[in-house]
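Residue numbers start from 1 in every chain, and the chains themselves are labelled A, B, ... in the order their sequence lines are given, proteins ahead of strands. Quick caveat: nothing in here was measured; it's all calculated off a predicted structure. What you see below is based on every heavy atom in this structure, not just the backbone, and it leaves out hydrogens, waters and symmetry mates.
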Amino acid sequence: MTLPPILAESFYRRPVLQVARDLLGKRLVRLADGQRISGVIVESEAYDGESDLACHARAGRTPRTAVMYGPGGRAYVYFTYGMHWLLNCVTGDEGYPAAVLLRAIYPLEGLEQISSRRAGRKTAEWCNGPAKVCQALALNGLFNGQSLCETQSGLWIEDGRPAADEAVSATARIGIGNVPEPWRSMPWRFLVDSPEKLFAKG
DNA sequence: AGCACGATTAACT
DNA sequence: GTTAATCGTGCTC
């Protein structure tokens, strides 16, 4: 059994909305201590440039947002609410700040590690939130700026079965209630409607 | 130097 | 449905 290819930089160097949509069905992989932890991406959100007032880059290039201005294919990992790490994929070409927030995965490998890091929670709540994904995969600020296109960083995304349009919904993004319109209502959140049906058993 | 707030989660009522 | 936890970031003074 051979592993599917790792998504190349060319996948990420496209408009962020396309990348966010196409990431559904791909497999997020973390290699920690020689062990694979992975799951299918089932929810994502696009954040598109300085004009998108929900995007961190609305404030321009700062130490925090610098990674988003780099070329697509790197991780943008940031800390929020004083306690949570969130993982994004930088998209587009160098100079244009955009990224996809990975909000949820359907766990497939490394379930023992995931359950230990998400101790006491129901299986369905292991990875159904952006901060939960980072907890489950042991991701933190050390991954900020790391390449997602090689195995060296221990974090990458593998090709997978594409999610059919009939199985995907688009809604407004979560947690941006104070952002003005039209940005607050842009349907830039993508989610697989029934991950357990589509992706159970690989 | 100080302050308000956040791309959230979990534990409440 | 409501709310506390908790601190880096960016903005104002």
- Task: Mind checking the CD1-CG spacing from Ile157(A) to Leu102(A)? Nearest 0.5 Å is all I need.
- Result: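 One gets 5.5 Å once the value is rounded to the nearest 0.5 Å.
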- Quick one: CE on Met68(A) to CZ on Arg61(A), what's the gap to the nearest 0.5 Å? 11.0 Å
- Here the distance between atom P of dG6(B) and atom CD1 of Ile176(A), to the nearest Å, is 11 Å
- Query: Rounded to whole angstrom units, what separation is found between the OH atom of Tyr78(A) and the C1' atom of dC5(B)?
  - Reply: 13 Å
Return yes if some donor-acceptor pair links the side-chain N/O of [X] with the main-chain N/O of [Y] below 3.5 Å, else return no.
| X | Y | answer |
| --- | --- | --- |
| Arg14(A) | Phe11(A) | yes |
| Ser153(A) | Ser147(A) | yes |
| Arg58(A) | Asp52(A) | no |
| Arg184(A) | Val179(A) | yes |

- Item | Duplex segments of DNA chain C, taken as runs of at least three Watson-Crick or G-U pairs that stay under 3.5 Å |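 Runs of three or more consecutive pairs: B:1-6 with C:7-12, B:8-12 with C:1-5.
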Scan nucleotides 9-13 of chain B against the protein and return all N/O pairs shorter than 3.5 Å with their distances rounded to 0.1 Å.
residue	atom	partner	partner atom	Å
dT9(B)	OP1	Pro130(A)	N	3.1
dT9(B)	OP1	Ala131(A)	N	3.0
dT9(B)	OP1	Lys132(A)	N	3.4
dT9(B)	O4'	His84(A)	NE2	3.2
dA10(B)	OP1	Arg118(A)	NH1	2.9
dA10(B)	OP1	Arg118(A)	NH2	3.0
dA10(B)	OP2	Lys132(A)	NZ	3.4

- Query: What string of B, S and - do you get for nucleotides 8-13 of chain C, 5' to 3', if B is base contact, S is sugar-phosphate-only contact and - is no contact with any protein heavy atom under 4.0 Å?
  - Reply: SSSS--
- Mark yes or no: Arg173(A) above the aromatic ring of Tyr47(A), with NZ or CZ under 6.0 Å from the six-membered ring centre and no more than 45 degrees from the axis. yes
Which side-chain N or O atoms in residues 86-101 of chain A pair as donor and acceptor under 3.5 Å with protein atoms at least two apart or in another chain?
residue	atom	partner	partner atom	Å
Asn88(A)	ND2	Tyr76(A)	O	3.1
Asp93(A)	OD1	Arg13(A)	NH1	3.1
Tyr96(A)	OH	Asp48(A)	OD1	2.7

- Message: Counting only heavy atoms and a strict 4.0 angstrom limit, can you tell me which residues of residues 85-101 of chain A come near DNA chain B?
- Response: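 Heavy-atom contacts with DNA chain B come from Leu86(A), Asn88(A), Leu101(A).
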Where is the tightest heavy-atom contact between [X] and [Y], given as atom of each residue plus distance?
| X | Y | result |
| --- | --- | --- |
| Leu137(A) | Ile105(A) | CD2-CD1, 4.4 Å |
| Val192(A) | Pro195(A) | O-CD, 3.5 Å |
| Ala163(A) | Val168(A) | CB-CG2, 3.8 Å |

- Query: Between Arg103(A) and Glu45(A), is there a salt bridge with N-O shorter than 4.0 Å?
  - Reply: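 Looking at Arg103(A) together with Glu45(A), the answer is yes, because their closest N to O distance falls below 4.0 Å.
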- Listed once per pair and sorted, the ring pair (Phe, Tyr, Trp, His ring centres under 6.0 Å) pairs that draw on residues 159-192 of chain A, sequence neighbours left out: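 Qualifying pairs, neighbours excluded: none.
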